[in-house]
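In what follows, every chain begins at residue 1, and chains take the letters A, B, ... in the order their sequences are listed. Treat the numbers as computed from the prediction; the structure is a model and nothing was measured. In what follows, every heavy atom counts, from backbone to side chain, and hydrogens, waters and symmetry copies are set aside.
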Amino acid sequence: MKAERFAWWCVLVLVLGLPLAAVLTRSNPEAIELHGRMADTGGWMPGDLTAQVGQPLQLRLTSDDVVHSFAVGQSALPAIDVLPGQWTTTTLLFDQPGKYTFYCTRWCGPNHWRMRGTLEVTGTAAEMITPTTPLYVALNLDLDAPHPSDVVPSEKPSAARGAALGLKADRPVTPDRAQSPALRWQQLRSSSLTENLSDAQVWDLVALSWRSNTTSARLAEGQQLYAQNCAACHGETGRGDGVIAPALQKTLTLPGLALTGHETIAPSDFTDARHRLGASDAIFEGKIIRGGMGTGMPYWGPIFTSEQVQALVDYLWSFQFDQ
Amino acid sequence: MDLIRTRLSLPLLFIGLSALAIVMAPNPIALAAPAARHFRIEASSFQYTPAAIHVNPGDQVTIDLVATDVVHGLYIDGYDLNLTADPGQTASLSFSADRSGSFRFRCSVTCGALHPFMIGKLNVGANDLLWRAIGLGLLAISASVWIRPHSGRAPTPGCAPRTSVDDVA
């Protein structure tokens, strides 16, 4: 009888004690559990989060399949790796209300960039920051219009050679961010300052003016952003030959059919002078922020800050202009 | 009796010496001067291309890992080296192949359902043990073929029943 009673006690302790222990040992019961999955099988779960300004949002992150990473767009929060079979906790604090996008930063599949969720922060901030309007919106540019350059340099222009010429070719920061290098070259060519210079030397001046509009720190930041976010498709050399590029070959085979949004085309080649020198900072910015409609190019507007977009645009010019 | 002993011991001596030579002979490949070797390994779900790389002991080996679809890693057993490559960011690793043998390398980043089967092999030096064992085996076979006609009428156990059948006939 004694043994039977002991057994009953054991069963009772197990049945009641195990759930109790599980509840007690949970690190922070208020934390929201966020599961990461490949976009094809559901993406972030839940995909919508809400938070209040000034109130910490606790998250417990895990992955249901492969390695992901959690980051919030337009914030300084470093990306956190989300590993299968492990829980990672983080606390977010927002001082500005608005609709944020959280996203995955590790390539987790062909549709990696579609793994995004929204985080709505309500409340009022002590000091409201109004978002700046991108230049392409202010100027009402048509991003999808072709912009070929009529003139191309015979070799890659170099800012260092341009500086050696000793001429001043500074580019005012505004409003000429909408000007293309091709147009700038034509202006300089027709100016009396460059009468004694060859065409290639005028191109060097153009390179100098674009280089003098940025800093080494900004170029380094742009290079890092490019490697992390762009190089998989556009290639480490910018030729549009990234490792994902073969999967993005043109799927739009029948002309005249309406776009469904599922088409992809080959990533653009940043080293192609005829295509690139006719574009401007404003067009580059717009393409990054809005994405390429019907091309498979993601929209980075909710992800990058305007400084990051600018750094990226400055770095993209280095495929056309040498230092 | 003396005659048999001399006839047996000469081939035995020869076979013994050959066996010794097979076991002890230095491997000519292992004597090659160390060189710098460069490999580009493409990692895709769920395989490495190439899946096996061969180097000589003492070589300075550089591996460029290119992930072609998702994040992949490369962990070399025995050398305790790890490398992670994101698509678009080629990762590189350099080491001195100072331990000979065959080592597995495997993906160190959970990359999908078949991730545990994403493996490859690093061969440092030729597989001496295998070749020497094959040599010894061949020697044993040729020795048995060679010695049998010279060893008189010593019946082998497998032949014994047939001899008795012949006797009856």
Can you confirm whether V71(B) sits close enough to V67(A) that some side-chain heavy atom of one is under 4.5 Å from a side-chain heavy atom of the other? no
To check you understand the geometry: which heavy-atom pair defines the closest contact between [X] and [Y], and what is its length?
{"X": "T110(B)", "Y": "V66(A)", "answer": "O-CB, 3.3 Å"}
{"X": "A232(A)", "Y": "P87(B)", "answer": "CB-O, 3.6 Å"}
{"X": "W107(A)", "Y": "D69(B)", "answer": "CE3-O, 4.0 Å"}
{"X": "V243(A)", "Y": "G88(B)", "answer": "CG2-N, 4.0 Å"}

Near [X] [atom1], under 6.0 Å, is it more than 12 heavy atoms from other residues, nucleotides or ligands?
{"X": "K121(B)", "atom1": "NZ", "value": "no"}
{"X": "F95(B)", "atom1": "CZ", "value": "yes"}
{"X": "L17(B)", "atom1": "CG", "value": "yes"}
{"X": "W87(A)", "atom1": "CH2", "value": "yes"}
{"X": "R104(B)", "atom1": "CZ", "value": "yes"}
{"X": "R239(A)", "atom1": "CZ", "value": "no"}

Taken to the nearest 0.5 Å, the spacing of D86(B) CG from Q228(A) CD works out to 8.0 Å
Can you tell me how far NE2 of H115(B) sits from CG of D65(A), rounded to the nearest 0.5 angstrom?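 Rounded to the nearest 0.5 Å, the CG-NE2 separation comes out at 12.5 Å.
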Which residues share a side-chain hydrogen bond (donor to acceptor under 3.5 Å, both in side chains) with H38(B), sequence neighbours left out:
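Partners of H38(B) under the side-chain hydrogen bond (donor to acceptor under 3.5 Å, both in side chains) test: D64(B).
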Report task. Sort out for me which of G85(A), C108(A), C230(A), G242(A) touches chain B most, counting heavy-atom pairs under 4.5 Å. Result ->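 Among G85(A), C108(A), C230(A), G242(A), the one with the most close pairs to chain B is C108(A).
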Open item on the list: Quick check on A67(B) against chain A: is it the side chain, the backbone, both or neither that has a heavy atom closer than 4.5 Å?
Closed with: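 When you check distances to chain A, only backbone atoms of A67(B) fall under 4.5 Å.
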Applying a strict 4.5 Å limit to non-hydrogen atoms, the region of T90(B) in contact with chain A is both
